Structures are given as C-alpha cells and as structure tokens.
*Asks:* 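Please see the structure below; I have some questions.
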Amino acid sequence: MSIKAPRGTKDILPSEVPQWQMFEAKVREVCKLFGYSEIRTPIFEHTELFQRGVGETTDIVAKEMYTFLDRGKRSLTLRPEGTASVARAYLEHKMQGEAQPIKVYYLGPMFRYDRPQAGRYRQFHQFGVEVFGTKEPTVDAEVIMLPVFFFQALGLKEFTLEINSVGCPRCRQAYRQQLQEALKERVPKLCSDCAERYEKNPLRILDCKNEKCKELVQDVPLLTGALCAECAAHFAQVKQALDALGQEYVVNPRLVRGLDYYTKTAFEIISPALGAQSSICGGGRYDNLLATIGGPDIPGIGFALGIERVLAALEAEGISRKAPDVPDIFVATAGVPEAEALKVTMQLREAGLAVDKDYLGRSLKAQLKFAGRKGIKYVIILGDEELKNGQATVRDMQAGSQEVVSLKELAAHLAGLLRGAE
RNA sequence: GUGGGUGUAGCUCAGCUGGUUAGAGCACCAGAUUGUGGCUCUGGGGGCCGUGGGUUCGAGUCCCAUCAUCCACCCCA
C-alpha cells in the first residue's frame, strides 16, 4: 500500500459515521433549545486574521498553522480554530446592526500542525458556540451550561468543570509584574520551559505539570486575588449564577487559556476517562477580540469542544455506539435474470422501502448468508417457479419463516411487516 | 520540536540463539446441501515480513537510516 491518509488525519469510516451523525443531531437539538443559530464560515482565511485574532505569540500561530500562498500570492491559512472566523464574519456582515446579542454555533474541521498522539490530530473537528454583544455574567453561565447540558444529553457521566478568571488587560498586566516579582529568585530552579515562560508568558508557569515547578509556585499570589474590582465582581456573579443553577464546578486559579484573546471568564471541561489529552471543552470570554481584528469594542464569549475527544470519552465510558443503517429488505435471486431482480428492487424502492440486492451473481445460499450477516430483516427470494405465477417468497430472517406473496402486493405486504416490527 | 515503544495475511498475533517452499485463529470464497443464512466439517484465495541500505555463504530474525504508527513531553480541542 503506497498512499495513505496524511499524518494526523483519518478516515471516518461507514461504521463510525452513524455515531458522528448522532453527535451532530444532538448538537443541533441542544443549540436549538438554547437559541443558537448555525453559521458556516470558510475553512481557510487570510493568515493575518489568525495572527491578529489568536495572537502572534501563541503556539498555534507561531508553529502550528497550515499556511500557504494561493496562485494570486495571497497568504492563506487552514483555520486552526473557529472563533476568529466567526468574529470576522460578524464584523464583515455588520451583525452589530442586528438585534443583539448574536448567538451562533459551528461544526467542522480545524487544522493544526501538531505531533499526533492519543486525542490529538492534525485535522480534527470542533463544535463551538459564540455570543457577541453582551458582557452580562449570566451569559457566561449560559455558555458554560451549554456544553454541560450537551454532555449530559449524550449520556456522558464522568467530567469535571473548571473555571477561572484571567482578568482584563489591566489587572493581568499588574498581576504579571507581581508574579514575576514573586518568582524572581526562583527562576534558576524552574524547568527550562518555565524559565522561558518567565519572560514570555509567566502566567503559564502556574499551569506547568512539572512536579518541581508545581512546588515552587505553590505559595505564589494568584490571579484571582489580583483581579480589578470590575473583573472580580464579574467573576463573583458568574459563580453565583452557576450556584443558583446547582451546577458544580472547581475554581482552578491555575487555569490559563493559551489564546491571547481571552479575558475574564475561562473554563475547561475535563474527562478523566481520557489520556493526556483530557480536555474535552475549552472556552471563555474575549471582550477585546473584535477590537483587535479591527472592529468596534464589542464583547464576546464562546467555547469549542473537540468531537474526536468527546466520542473517545463516550467510548471509554462504554456508552453504546449507534449501529450503521442497513437496508430492511434484500432481494435474492434463484435462477432468474438479474435485470428482473433489479426491476423488483426498484419497484420496492419507489414504494419507499430500503432495499438492496446481490451484485455478485452468488448462489442463493451465499446471498442468504450475506443478508443474515448484515442483519437484514427480510429477504425476497425471486425464483423461476414463483415468478411464473407472478409471485415471490418473503423470508423472515429472524424467525426463519417464509411465505409466498404476489408481486403486486409485495410492497404493501412488506410495509405492513416492517410497521408491525417496530 | 524532544523522548520511548511498535511495524509479519483484511483483523489479532506466532515465528526459539539468523538456516530450505513464512504460520495460526478470526474474516473472505467455494463445496458437503445442483432453490434456503446462523452450527459443523472439508478445501481455496490471499504476504516484495513498512521502505532503503549494510553485515553474512544465508536476514522476517542482527546493525544503520528513513517512513508510518502508538504513548508521553510540549501545546491544546
């Protein structure tokens, strides 16, 4: 075998597609309940959108983008995430002129040039939601509750919600200095990654998994304690709203989002059933994103959730997969021309029945075996004997019983059987 | 980008310290039953042993490289 799917990509095979369709149907159902409309944006955008929106210093922009020049020498990038595109569409179509807030969801592939591992792909799929035009803390609570509600609707049981506030540029800047001050002496003792983070993005040091770093930053002041009055009040109201709903959560002051655009509320949902890539949903508020990409000062909030990871979590929890669809009826031949069998097959389809037939010229025995393996409920046996009388045999594969039915009444007879079987 | 594990039939895997034509189970196809599946039995098709180099009289087996894959770091969904 020479050509394979590119590294980090994979085929979603017919046996898996029903599970994806179930997932997508659930997305649409829940979004409808919450009042969100679907939006579909292009799969690639001008590179500049992500550079400005996601942030030059983020790993995503610095080293994970699929960027290329098109024939007109434009620099384009396969979208690494959805929020920037939706924000761009909001501005481009002047949605600030419509009734606010704008609540949308999207579903589709994203691309990041990462090293693949369990739960991490170069082409992966996200379901995400964005709300523009309100900075109300209760909308933060709604955006947090949507994925929680969604996971419950899927039957997922094992997940934990973590929340934090990363403040606004003002309090974050002040905190950053406070943190650097506190860590000054300890820099040489930190791991090499954290030593680098000390200058670039000291907040990330709080999130380091290295045991030694964890210990060293234990007594350091936390961002939650350094929030400005406005951010602190906002965070308190978000928590209050979640409390009022009876929603459990863990405040994780070390939860730091990687993308530059986040402000105030940040949250993450984690599945303990997964490996190292255990985050199944991440989101938060981004009150400066629209302004950053050249729009008016309009707040926003959203989340994105990794479909492959959620499906893996369902699998790990043993939640049954949706089985692939099989036709209800199979037309088998025994000594009659194939054209005749195709004609009967088409007639049944025209009557609204899901029907397939043999295309390998196999023996009747092999055709029955095939239908049995596939789990097809009824097999029509077209034999020359019956056909002479304008009849066919209908075999119930589960019961092993069969009866002779006239071709004229065949469709109605089968429809009746299928209705009865439901 | 860094580290470790693994690449033999469609799938899961054997193949002892290198030794003639590379095996099993499942799956697939056919027959036993010349018009009747699920059980059983019999037979059959399928492998440049990931790829390229090297060591050797001889390599699936040893060495190097490369690619792919898995897991972890990093990062994130």
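This is a predicted model, so every value here is computed, not measured. Note on naming: letters A, B, ... go to the chains in the order of the sequence lines (proteins, then strands), and numbering restarts at 1 for each one.
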*Asks:* Answer with base, sugar-phosphate or nothing: what part of the nucleic acid does A:G282 contact at a heavy-atom distance below 4.0 Å?
*Replies:*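 Sugar-phosphate, backbone atoms only, no base.
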
*Asks:* Taking atom P of B:A27 as reference, at what distance in whole Å does atom NZ of A:K374 sit?
*Replies:*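 One finds 16 Å between P of B:A27 and NZ of A:K374, rounded.
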
*Asks:* Just checking A:I307: base, sugar-phosphate only, or nothing, at a heavy-atom cut-off of under 4.0 Å?
*Replies:*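 No contact.
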
*Asks:* Using the C1' atom in both, what is the distance from B:C13 to B:G60, to the nearest Å?
*Replies:*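 Taking atom C1' in both B:C13 and B:G60, they lie 14 Å apart.
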
*Asks:* Choosing from B:G37, B:C73, B:G35, which nucleotide comes nearest the side chain of A:L364?
*Replies:*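 Of the candidates, B:G35 comes closest.
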
*Asks:* To the nearest angstrom, how far is A:R112 atom CZ from B:C75 atom P?
*Replies:*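 It is 13 Å, rounded to the nearest whole Å.
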
*Asks:* Of all the choices, B:U36, B:G35, B:C74, which nucleotide is nearest to the side chain of A:R120 once you look at every atom?
*Replies:*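 Closest of the options to the side chain of A:R120: B:C74.
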
*Asks:* Mind calculating the distance between CG (A:L314) and P (B:A77) to the nearest angstrom?
*Replies:*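 Value for this atom pair: 19 Å.
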
*Asks:* I'd like the P distance from B:A65 over to B:G19, given in whole Å.
*Replies:*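 My reading of the P atoms in B:G19 and B:A65 gives 25 Å.
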
*Asks:* Is the closest basic N to carboxylate O distance between A:K157 and A:E317 below 4.0 Å?
*Replies:*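 No salt bridge links A:K157 with A:E317.
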
*Asks:* Rounded to the Å, how far apart are A:R362 CZ and B:G35 P?
*Replies:*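 Taking CZ of A:R362 and P of B:G35, I get 17 Å after rounding.
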
*Asks:* Heavy atoms from C-beta onward define the side chain here; which of B:A77, B:C73, B:G35 lies closest to that of A:Q117?
*Replies:*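 Between B:A77, B:C73, B:G35, the one nearest the side chain of A:Q117 would be B:C73.
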
*Asks:* Check the side chains of A:S85 and A:E45 for a donor-acceptor pair under 3.5 angstrom, ignoring hydrogens and angles.
*Replies:*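 Checked: A:E45/A:S85 side chains pair up, N/O donor to acceptor below 3.5 Å.
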
*Asks:* Which one, B:G35, B:A32, B:C75, comes nearest to the side chain of A:D114?
*Replies:*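 My answer, after comparing the listed nucleotides, is B:C75.
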
*Asks:* What's the closest nucleotide to the A:Q277 side chain, out of B:A32, B:C73, B:A77?
*Replies:*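 Out of B:A32, B:C73, B:A77, the nucleotide with an atom closest to A:Q277's side chain is B:C73.
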
*Asks:* Just how far, in rounded Å, is C1' of B:A77 from CG of A:L156?
*Replies:*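 That distance rounds to 14 Å.
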
*Asks:* Please determine whether a side-chain nitrogen of the Lys or Arg among A:D114 and A:R112 lies less than 4.0 Å from a carboxylate oxygen of the Asp or Glu.
*Replies:*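 No, this pair does not count.
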
*Asks:* Which nucleotide, if any, forms a Watson-Crick or G-U wobble pair with B:G60, using both distances under 3.5 Å?
*Replies:*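 Partner of B:G60: none found under 3.5 Å.
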
*Asks:* State which of B:C75, B:G37, B:G35 makes the closest approach to the side chain of A:R395.
*Replies:*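 The answer is B:G37, which lies nearest to the side chain.
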
*Asks:* Sticking with atom C1', work out how far B:G7 lies from B:C49, rounded to a whole angstrom.
*Replies:*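 Nearest-Å result for B:G7 against B:C49 at atom C1': 10 Å.
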
*Asks:* For B:G52 and B:U61, measure between their P atoms and round to the nearest Å.
*Replies:*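 B:G52 and B:U61 have their P atoms separated by 13 Å.
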
*Asks:* Parallel, tilted or perpendicular: which one describes the rings of A:F267 and A:F303, with boundaries at 30° and 60°?
*Replies:*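 Judged by the thresholds at 30° and 60°, the geometry between A:F267 and A:F303 is perpendicular.
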
*Asks:* Between B:G35, B:C75, B:C29, which nucleotide gets closest to the side-chain atoms of A:D59?
*Replies:*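 For A:D59, the side-chain atoms sit closest to B:C75.
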
*Asks:* Both distances below 3.5 Å, Watson-Crick or wobble geometry, any strand: find the nucleotide opposite B:G7.
*Replies:*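 Per the H-bond distance test, B:C67.
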
*Asks:* Give a yes or no on whether a donor-acceptor pair under 3.5 Å exists between the nucleobase atoms of B:C70, that is its base, and the side chain of A:R115.
*Replies:*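 In this structure, the two groups form no donor-acceptor pair.
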
*Asks:* With rounding to the closest Å, how many angstrom separate the C1' atoms on B:U8 and B:G25?
*Replies:*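 Each nucleotide's C1' atom is 15 Å from the other's.
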
*Asks:* Which nucleotide wins on minimum distance to the side chain of A:R373, given the candidates B:A77, B:C28, B:C74?
*Replies:*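 Shortest atom-to-atom distance from the side chain points to B:C28.
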
*Asks:* When the C1' atoms of B:U51 and B:U69 are considered, how many whole Å apart are they?
*Replies:*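 Nearest-Å result for B:U51 against B:U69 at atom C1': 15 Å.
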
*Asks:* Looking at every heavy atom in both A:P324 and A:P14, which two are closest together, and how far apart are they?
*Replies:*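 Closest approach of A:P324 to A:P14, heavy atoms only: CB-O, 4.2 Å.
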
*Asks:* So if I take every side-chain heavy atom of A:M397 and compare against B:G31, B:C76, B:G37, which nucleotide ends up nearest?
*Replies:*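 Between B:G31, B:C76, B:G37, the one nearest the side chain of A:M397 would be B:G37.
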
*Asks:* Between atom NZ in A:K369 and atom C1' in B:U36, what is the gap in whole Å?
*Replies:*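 Rounded to whole Å, this separation is 13 Å.
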
*Asks:* Distance check needed: B:U36 C1' versus A:Q398 CD, whole Å only.
*Replies:*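 It is 17 Å, rounded to the nearest whole Å.
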
*Asks:* For the residue pair A:K357 and A:Y359, would you count it as a cation-pi contact if the rule is NZ or CZ under 6.0 angstrom from the ring centre and within 45 degrees of the ring axis?
*Replies:*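 Yes, a cation-pi geometry.
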
*Asks:* Go through the steps to decide whether A:I301 and A:T134 satisfy the test side-chain contact (heavy atoms from CB on, under 4.5 Å), and finish with yes or no.
*Replies:* CA-CA 9 Å; A:I301 178 167; A:T134 169; 6.0 Å; no

*Asks:* Which whole number of Å gives the distance between the C1' atom of B:C63 and that of B:G18?
*Replies:*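 That atom pair is separated by 13 Å.
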
*Asks:* Atom OH of A:Y262 to atom P of B:A77: distance rounded to whole Å?
*Replies:*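 Answer to the nearest Å: 6 Å.
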
*Asks:* Tell me what A:F370 touches on the nucleic acid: a base, only sugar-phosphate, or nothing, going by heavy atoms under 4.0 Å.
*Replies:*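 Since no nucleic acid heavy atom lies under 4.0 Å of A:F370, the category is nothing.
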
*Asks:* As a test of reading the structure: which of B:A72, B:A77, B:G31 is closest to the side chain of A:A304, going by heavy atoms?
*Replies:*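 Nearest listed nucleotide: B:A77.
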
*Asks:* Across all strands, who's sitting opposite B:U2 as a Watson-Crick or G-U wobble pair, both distances under 3.5 Å?
*Replies:*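 Base partner found: B:A72.
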
*Asks:* Take atom P in B:G4 and the same atom in B:U66, then report the distance between them in whole Å.
*Replies:*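 Straight-line distance between the two P atoms is 13 Å.
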
*Asks:* With a 3.5 Å cut-off and just heavy-atom distances, do the side chain of A:Q402 and the base of B:U36 make a donor-acceptor pair?
*Replies:*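 Side chain to base: pair present.
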
